[in-house]
Amino acid sequence: MASEGPVTRRVQVAEYPRLVKLKEMFNSKFGSIPKFYVRAPGRVNIIGEHIDYCGYSVLPMAVEQDMLIAVEPVKTHTLCLSNTNPLYPDFSISANNIQIDKTKPLWYNYFLCGFKGIQEHFGLSNPAGMNCLVDGNIPPSSGLSSSSALVCCAGLVTLTMLGMNLSKVELAEICAKSERYIGTEGGGMDQSISFLAEEGTAKLIEFSPLRATDVKLPSGAVFVIANSCVEMNKAATSHFNIRVMECRLAAKLLAKYKGLQWDKVLQLEEVQGRLGISLEEMQAVTEDALHSEPYSQEEICRCLGISLEELRTQILSPNTQDVLIFKLYQRAKHVYSEAARVFQFKKICEEAPDNTVQLLGELMNQSHRSCRDMYECSCPELDQLVDICRKFGAEGSRLTGAGWGGCTVSIVPADKLSSFLASVSEAYYQRSGRNLAPEKESLFATKPGGGALVFLEA
């Protein structure tokens, strides 16, 4: 249940090759043995892209790829962080003085987000230190939430070290909030599924209050993840935060248009909620209230009856104050239509008609078109990969995660899986010269995995 804390499991480390290797590397690095291990999974968002931070429900599932951290509490007040990947340098810092540099989304800063979030939640002024060795097998910057999995893993590491208790929901909310220390204005989907996931089921994640409902996926289909091999770190660019701000501005203009108290509105869902109308009706309101041409800062000020100074200091975030134009109509249209697709997807899964896989595939195709055309968060490689996946048997295919690179997710009839994998591998990876190291795991079928865990050695 979501009200319970994460599961703690006693295991024989010798039975888990990855734990054995991590334990040996930890001993080699720190000259001691880990006291416990924490795992947090990545996720694939099946449908519902860029709408969690607008207040709308999403439909992800956890994947088998994860972040795994070996931990040893120490008597000093120093955090020593190391990574099994030699590309990521060691780092140490005083646990009393956590500073997170928003200008540099370095790997250890995501750990510090989770640590700082738990530290501040409990008001700890003199936290103990620890040695940590991180091992991740989620492809980085691929849209499978490697960064949020590390934040969640670090949060659970810190909680376990302190001997404190929190529910999965509380942990998810703290980690979602603390990831913003690195400058990403996310909505909470990634952290929620990392803690609330259960094996064998996807989840409808709803917000305010945070809750998760099982969604049984069709047995006759497989979800396949394909990496475009275009990396996009959303904390390293402004694309993501600009979209968050465009949605916020659209919400304020729509609220003003309908005579609501617009200055209190932050999310597009709030406008719908206060008007008490359907998502389809909200799309019609968007057509009436917003024009398709981009809005300048000056026009937004005229619409809201405020000064440029008020817009920049009271509404825009520091990293969007220099943006000259905002596409409000397109972003709002995407969000309201995508939110409707999430509920349609869940309803089809529940009703399970004979053509379930085809119907779900069409919703995924619609989602990709909207992400590409209205939200403009795709890229040529993602579009090419989606087309290839559909050509070789996927009923539906779409970008997943923030976009601008990363992965696609496709729904493939189970009896076509082997030919699909072979054909997509040849058409996208081999013919295009994208031959990659096997650890990139460019193309793989996945099923719903479980959530975050603490491992104690038996």
Side-chain angles (χ1 to χ4, degrees), residues 43-51 58-61 63 139 142-144 202 215 217-230 232 333-334 337-338 340-342 344-346 348-349 352-434 436 440-448:
R43 62 96 191 99
V44 59
N45 190 26
I46 299 171
I47 197 162
E49 220 60 76
H50 284 285
I51 63 174
V58 291
L59 212 156
M61 65 180 178
V63 294
S142 64
L144 300 180
V215 177
L217 300 172
S219 57
V222 179
F223 287 89
V224 177
I225 295 170
N227 192 349
S228 72
C229 307
V230 177
M232 204 299 282
K333 282 284 283 187
H334 166 76
S337 65
E338 185 78 349
R341 282 187 284 273
V342 170
Q344 290 168 330
F345 196 101
K346 177 175 180 281
I348 292 166
C349 287
D354 290 342
N355 60 340
T356 291
V357 177
Q358 289 84 358
L359 292 172
L360 298 180
E362 181 48 37
L363 288 173
M364 292 172 70
N365 291 336
Q366 290 172 16
S367 173
H368 184 76
R369 285 195 292 272
S370 185
C371 286
R372 181 191 67 201
D373 300 337
M374 302 305 281
Y375 222 72
E376 296 177 281
C377 61
S378 190
C379 67
E381 292 87 352
L382 279 172
D383 295 337
Q384 180 194 5
L385 186 50
V386 161
D387 289 343
I388 287 170
C389 288
R390 290 180 193 155
K391 176 182 177 182
F392 290 111
E395 291 291 344
S397 187
R398 58 180 294 277
L399 66 83
T400 186
W404 298 288
C407 290
T408 63
V409 59
S410 303
I411 185 170
V412 180
D415 59 357
K416 293 182 180 177
L417 179 61
S418 57
S419 64
F420 173 84
L421 293 173
S423 298
V424 173
S425 178
E426 183 186 358
Y428 187 75
Y429 299 103
Q430 293 161 28
R431 276 192 214 155
S432 59
R434 290 186 185 89
L436 298 166
K440 276 281 190 180
E441 291 197 63
S442 305
L443 182 68
F444 54 93
T446 190
K447 55 183 186 288

Next item on the list: Tell me, please, which residues at least two apart from Asp415 pass side-chain hydrogen bond (donor to acceptor under 3.5 Å, both in side chains).
Entry: none

Check: Considering residues at least two apart in sequence or located in another chain, which fulfil the side-chain hydrogen bond (donor to acceptor under 3.5 Å, both in side chains) criterion with Ser425?
Finding: Gln430

Check: Going by the side-chain hydrogen bond (donor to acceptor under 3.5 Å, both in side chains) test, which pairs reach into residues 391-401, not counting sequence neighbours?
Finding: Glu49-Arg398, Ser367-Arg398, Ser397-Ser410

Note to self: Return the CG to SG distance between Leu443 and Cys389, rounded to the nearest 0.5 Å.
What the structure shows: 7.0 Å

Item checked: Over all atoms of both residues, closest heavy-atom pair of Val215 and Lys346 -> CG2-CG, 4.2 Å

Next item on the list: For Pro448 and Leu217, work out which heavy atoms get closest and say how close.
Entry: CG-CD1, 4.1 Å

Checklist line | Arg369 and Glu362 ion-paired at < 4.0 Å | finding: yes

Notebook entry, point to check: Is the side chain of Tyr429 donor-acceptor paired with the backbone N or O of Ser442 at a distance under 3.5 Å, no angle test?
Noted result: yes

Check: Under 3.5 Å, is there a donor-acceptor pair linking the side chains of His368 and Asp383?
Finding: yes

Notebook entry, point to check: So which heavy atom on Glu381 is nearest to which on Ser228, and how close?
Noted result: CB-CB, 4.4 Å

Next item on the list: Please tell me if the side chains of Val357 and Ile411 come closer than 4.5 Å, counting only heavy atoms from C-beta onward.
Entry: yes

Next item on the list: Mind checking the CG-CG spacing from Asn227 to Leu382? Nearest 0.5 Å is all I need.
Entry: 9.0 Å

Check: So, do Met364 and Phe223 sit near enough that their side-chain heavy atoms are less than 4.5 Å apart?
Finding: yes

Note to self: If you define the side chain from C-beta out and look only at heavy atoms, does anything of Leu399 sit under 4.5 Å from Cys377?
What the structure shows: yes

Next item on the list: Would you mind reporting whether Gln344 and Ile47 have side-chain heavy atoms less than 4.5 Å apart?
Entry: no

Notebook entry, point to check: Which residues satisfy the side-chain hydrogen bond (donor to acceptor under 3.5 Å, both in side chains) test with Arg372, sequence neighbours excluded?
Noted result: none

Note to self: Taking side-chain contact (heavy atoms from CB on, under 4.5 Å) as the definition, give me every residue that meets it alongside Pro353, ordered by chain and number, with sequence neighbours left out.
What the structure shows: Ile348, Glu351, Asn355, Thr356, Leu359

Note to self: Would you compute the distance between atom NZ of Lys416 and atom CG of Leu421 and round it to the nearest 0.5 angstrom?
What the structure shows: 13.5 Å

Item checked: Inter-residue atom distance Ser378.OG - Gln384.CD, 0.5 Å rounding -> 11.0 Å

Notebook entry, point to check: Closest approach of Ile51 and Val342, non-hydrogen atoms and distance?
Noted result: CD1-CG2, 3.9 Å

Item checked: Minimum heavy-atom distance Val409-Asn45, with the two atoms named -> CG1-O, 3.9 Å

Checklist line | With sequence neighbours excluded, residues passing side-chain hydrogen bond (donor to acceptor under 3.5 Å, both in side chains) with Ser337 | finding: Arg341

Checklist line | Residues that Val222 engages under side-chain contact (heavy atoms from CB on, under 4.5 Å), provided they are two or more places apart | finding: Val224, Ala414, Leu417, Ala445

Notebook entry, point to check: Does Phe345 have any ring pair (Phe, Tyr, Trp, His ring centres under 6.0 Å) partners at least two apart in sequence or in another chain, and if so, which?
Noted result: none

Checklist line | Results of ring pair (Phe, Tyr, Trp, His ring centres under 6.0 Å) for His50 - residues two or more places apart only | finding: Tyr53, Phe240, Tyr375, Trp404

Check: What's the shortest heavy-atom distance between Ile388 and Ala427, and which atoms?
Finding: CG2-CB, 3.9 Å

